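Per chain, numbering begins at 1; letters A, B, ... match sequence-line order. All values reported here derive from a predicted model rather than from experimental measurement.
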Protein chains: 2
Amino acid sequence: MMTAHDDLKIEQMPQTLREIVLGRMRGAILSGRFASGERLVERTLCDQLGVSRSVVREVIRILEAEGLVETMPNRGPMVATLDWQRAKQIYDIRLLLEQSAACACAEMADAVTKAKLTEALQGIASAFASGQSLTLAEATTGFYEVIFRSAGQDIAWEIVQRLNGRISRLRALTLATKERNVSGLARMTRIHDAILANHPEAAAQAVRDHLTEAASIAERLLKAEGT
Amino acid sequence: MMTAHDDLKIEQMPQTLREIVLGRMRGAILSGRFASGERLVERTLCDQLGVSRSVVREVIRILEAEGLVETMPNRGPMVATLDWQRAKQIYDIRLLLEQSAACACAEMADAVTKAKLTEALQGIASAFASGQSLTLAEATTGFYEVIFRSAGQDIAWEIVQRLNGRISRLRALTLATKERNVSGLARMTRIHDAILANHPEAAAQAVRDHLTEAASIAERLLKAEGT
DNA sequence: TGTCTGATCTTGGTATACCATAAGATGACA
DNA sequence: TGTCATCTTATGGTATACCAAGATCAGACA
């Protein structure tokens, strides 16, 4: 029974407590608030989040399945670490999926898709201008989402998002790199232009260049940090 | 509870109860014991499995993250359903990843890898001979695992396995199809031969043919069943 | 004195009981 | 007969208790 009370009070209803905690913990890991390799002690998290162990444990299972958390037997969960060997694999898979999506999108892009893509690109441009890396990451995500969704590749998009989560720390660093900012927008524009021209090969090539560069920057950063 | 097989294994359980339940429920879904779309009532599962709600709930979260289970708000979890639109996406992604893995494997395959691959192929052949679809599925999985692992693509292999889980019902039907049995082994042999010859393009092409056929069989079966 | 043992603490794993809410089923009453 | 209140069921969420395993440290014994 919907009464006037509900309108005034809260719009948070659709979210379950588990989802809220999931979002918070995911955000804490992605933003680096929980360091890589840090142990996630259940009872401590319960206190910090103000929820019961049941909720925390279920959320940890989800994060574990997402690859953000690793659980060692008899030692409990910890934030997953990332070495270059794994990160490279992730960039390689992204390359395959994003090329394919850009290709498909360029083939079938209609006026509506193109408009959305242009809008997303402008979002990236203004995010570049603002200089906030979080905003930039979101804008970039939005740009790719348009590509995947309009290509009808929902599942591939899910996979890419999950992979992006696992390299989020790298991704933030990469996006924040100076030279990336300069050429990054240019490369995004190339992808955008190729799709608007319905030119699949050019779109795939642009994605390839974009990701190859991102991977090499990430490699440099990761290896510099690792030592 | 304990089957005869378990006696042979180690007394101490390296497996946690959650993992056991996860394996059993995953198996029940993959084997079709839990029908597609069937609701998974927590307390019923507790009775059936003889474990507590904590375990069941955590396992459901994992299966949810794997895409085997979907949870509707205020109605609880149910076994995920699969339409052709989604299945096709999965086959497309598998195509990308398996082509890439076969390619990489063919490029770098050494004597050890080739020996393992031949062994895996013989496993498939004898599974064909035995005619048991479960054994065949396992043997096929083993064959691909050799390819992915030797190519150093652990993460892609994880993704493929997860995707395979989501189309397991289709996969079982596909593998059980008569004509598939005939040409399937031939195509597997082609993949095997191309890798042994260190011929990447041929390996990729063989994978492409293999999966394209599998997808078309799956499409026919799914659409026939759907109506 | 050195080592071994055991008590204790922490953490994870499991089970159970309890409450609140939403949705569907059921039955009573106008 | 139709509508509404209630009842049941199942879920989400919480709290708590118990046990097992590993680590740590202190004390006892050779």
When the rotation axes relating C1' atoms of four end pairs to the next four are compared across the helix from C/dT1-D/dA30 to C/dA30-D/dT1, five pairs an end, they differ to 10° by 20°
Write down the protein N/O and nucleotide N/O pairs, taken from nucleotides 9-12 of chain C, whose separation is under 3.5 Å; answer none if there are no such pairs.
{"unit_1": "C/dG12", "atom_1": "OP2", "unit_2": "A/Glu42", "atom_2": "N", "d": "3.4"}
{"unit_1": "C/dG12", "atom_1": "N7", "unit_2": "A/Arg43", "atom_2": "NH1", "d": "3.2"}

Between CG of B/Leu45 and C1' of C/dA15 the distance, given in whole Å, is 16 Å
A/Glu58 CD to C/dT14 C1', in whole Å, measures 14 Å
field: Side-chain heavy atoms of A/Ile155 within contact of B/Leu163, under 4.5 Å
entry: yes
Apply the test side chain to side chain donor-acceptor pair (under 3.5 Å) to residues A/Thr44 and A/Asp47: give CA-CA distance (whole Å), side-chain angles for both, the deciding distance (0.1 Å), then the verdict.
CA-CA 5 Å; A/Thr44 307; A/Asp47 295 341; 5.9 Å; no
Examine distances only and state if a side-chain atom of A/Thr71 and a backbone atom of A/Met78 form a donor-acceptor pair shorter than 3.5 Å. no
Residue pairs passing the ring pair (Phe, Tyr, Trp, His ring centres under 6.0 Å) test with at least one member in residues 148-177 of chain A, sequence neighbours excluded, are A/Phe148-A/Trp157
Quick note, ring pair (Phe, Tyr, Trp, His ring centres under 6.0 Å) partners involving residues 48-77 of chain A, not counting sequence neighbours, are none
Side-chain contact check for B/Ser52: nearest option of D/dA15, C/dT16, C/dG13 is C/dT16
Only one of B/Arg166, B/Arg26, B/Arg61 passes salt bridge (Lys or Arg N to Asp or Glu O under 4.0 Å) with B/Glu66, and that residue is B/Arg26
Taken in chain and number order and not counting sequence neighbours, the residues that satisfy side chain to side chain contact (heavy atoms under 4.5 Å, CB included) with B/Thr212 are B/Arg208
Here the side-chain hydrogen bond (donor to acceptor under 3.5 Å, both in side chains) pairs for residues 48-57 of chain A, sequence neighbours left out, are A/Glu42-A/Arg53, A/Glu42-A/Arg57, A/Arg57-B/Glu58
